[in-house]
Amino acid sequence: MLSTNVRNDILNALYGRQKDTGGLIPTSGSCYLGFSTAAPTISAAGECTAFSEPAASTGYVRLELRNSELTDAAAVMPAAVGGEIKNSTANLTFDAPNDGQSYGKATHIGLFAAKTGGLPIMVIPLAAEVTLGLKATLVLEKNKLTTTLTAADTTV
């Protein structure tokens with residue numbers, strides 16, 4: 001069984017909420033959300049091997065989740081509490097595409113340790129596919145992005 005403090009530490013590490021970037025979880029001191037335009041490819045080992053993001057030429061950029069404890073910016077993703085982390089203080093809104101461009105559809109959210117490149121350290125399916133364009137951007141409403149870590153001890 002994991003204590004609540006350990007569960008909070010794991011979630012905070014996944015979401016870039018810790019100053020120390022060493023250790024077992026491959027994160028940086030930052031966290032970026034990206035979205036995939038198709039179902040990501042997941043290997044038999046459970047690792048994401050392909051995550052199709054829109055081209056940079058469309059104006060697409062990953063959304064940085066800021067933390068007021070680590071930066072001067074307003075917090076949009078507070079630290080984990082009770083084994084749960086969520087966007088309880090603000091909506092998370094991706095920028096609209098450039099004029100004349102479209103992102104297509106969004107099917108999954110990915111958590112990244114970097115603003116560009118690499119594969120997500122965690123993949124989250126959207127409840128429903130969303131088609132995105134100039135008048136329809138991806139918004140994760142307040143309290144809708146929630147990750148809960150539970151741990152139960154099983155005796156055999």
Side-chain angles (χ1 to χ4, degrees), residues 2 6-18 21 23-67 73 75-152 154:
L2 293 175
V6 170
R7 290 184 290 141
N8 288 343
D9 286 347
I10 291 169
L11 289 169
N12 286 332
L14 287 172
Y15 278 87
R17 303 273 132 312
Q18 296 179 328
T21 59
L24 298 175
I25 300 173
T27 63
S28 67
S30 300
C31 180
Y32 297 86
L33 291 181
F35 63 83
S36 183
T37 57
T41 303
I42 307 295
S43 72
E47 294 181 9
C48 182
T49 59
F51 192 87
S52 303
E53 294 178 273
S57 61
T58 64
Y60 170 79
V61 293
R62 292 177 185 162
L63 178 63
E64 182 179 9
L65 295 182
R66 291 182 173 88
N67 180 345
V76 295
M77 196 77 171
V81 175
E84 179 178 85
I85 191 167
K86 61 184 172 179
N87 65 321
S88 61
T89 58
N91 292 342
L92 303 175
T93 305
F94 284 85
D95 291 338
N98 294 335
D99 284 339
Q101 298 292 317
S102 174
Y103 292 149
K105 61 185 177 177
T107 63
H108 291 73
I109 296 290
L111 263 64
F112 294 84
K115 187 171 186 169
T116 60
L119 290 167
I121 58 173
M122 186 163 76
V123 174
I124 306 162
L126 293 175
E129 182 179 288
V130 180
T131 300
L132 304 170
L134 284 176
K135 298 189 181 205
T137 186
L138 183 58
V139 177
L140 302 172
E141 294 178 357
K142 187 175 170 182
N143 291 316
K144 295 294 182 180
L145 177 61
T146 302
T147 304
T148 304
L149 181 60
T150 58
T154 304

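Leu111 is listed as a side-chain neighbour of Leu33, based on a closest heavy-atom distance under 4.5 Å.
Residues Ser43 and Thr49 share a closest heavy-atom pair of CB-CG2, 3.9 Å. For the residue pair Ala90 and Asn87, the shortest heavy atom distance occurs at O-ND2, 3.2 Å. Heavy atoms only, all atoms of each residue included: Pro78 and Thr89 are closest at CG-CG2, 3.6 Å. Closest approach of Val123 to Pro40, counting heavy atoms only: CG1-CG, 3.7 Å.
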**OP:** List the steps, then state whether side-chain contact (heavy atoms from CB on, under 4.5 Å) holds for Leu138 with Ile109.
**Re:** CA-CA 10 Å; Leu138 183 58; Ile109 296 290; 3.8 Å; yes

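A donor-acceptor contact shorter than 3.5 Å is absent between the side chain of Thr58 and the backbone of Ser102. Asn12 places a side-chain N or O within 3.5 Å of a backbone atom of Ala80 that can act as its donor or acceptor partner. Judged by distance alone, with hydrogens and angles left aside, the side-chain atoms of Thr107 form no donor-acceptor pair with the main-chain N or O of Glu129 at under 3.5 Å.
Distance NE2/His108 to CZ/Phe51: 8.0 Å, rounded to 0.5 Å. Separation of atoms OH (Tyr103) and OG1 (Thr37) is listed at 12.0 Å; rounding is to 0.5 Å. Expressed to the nearest 0.5 Å, how far NZ of Lys105 lies from CG of Leu132 amounts to 11.5 Å. In this structure, NZ in Lys142 is found 7.5 Å from OG in Ser88, a value given to the nearest 0.5 Å. From Leu63, atom CG reaches atom CZ of Phe112 across 12.0 Å, with rounding to the nearest 0.5 Å.
Sorted by first and then second residue, the salt bridge (charged side-chain N to carboxylate O under 4.0 Å, His left out) pairs with a member in residues 112-124 form an empty list; sequence neighbours excluded. Sequence neighbours left out, the pairs with a member in residues 40-60 that pass salt bridge (charged side-chain N to carboxylate O under 4.0 Å, His left out) are Glu53-Arg62.
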Going by atom type alone, with no hydrogens or angles, which donor-acceptor pairs under 3.5 Å involve a side-chain atom of residues 143-151 and a protein atom two or more places apart or on another chain?
| residue | atom | partner | partner atom | Å |
| --- | --- | --- | --- | --- |
| Thr146 | OG1 | Asn143 | O | 3.4 |
| Thr147 | OG1 | Tyr15 | OH | 2.5 |
| Thr148 | OG1 | Glu84 | OE2 | 3.2 |

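For Val139, the side-chain contact (heavy atoms from CB on, under 4.5 Å) partners two or more places apart in sequence, or in a different chain, are Asn91, Thr93, Thr137, Glu141. Residues forming a ring pair (Phe, Tyr, Trp, His ring centres under 6.0 Å) with Phe94 (at least two apart in sequence, or on another chain): Phe35.
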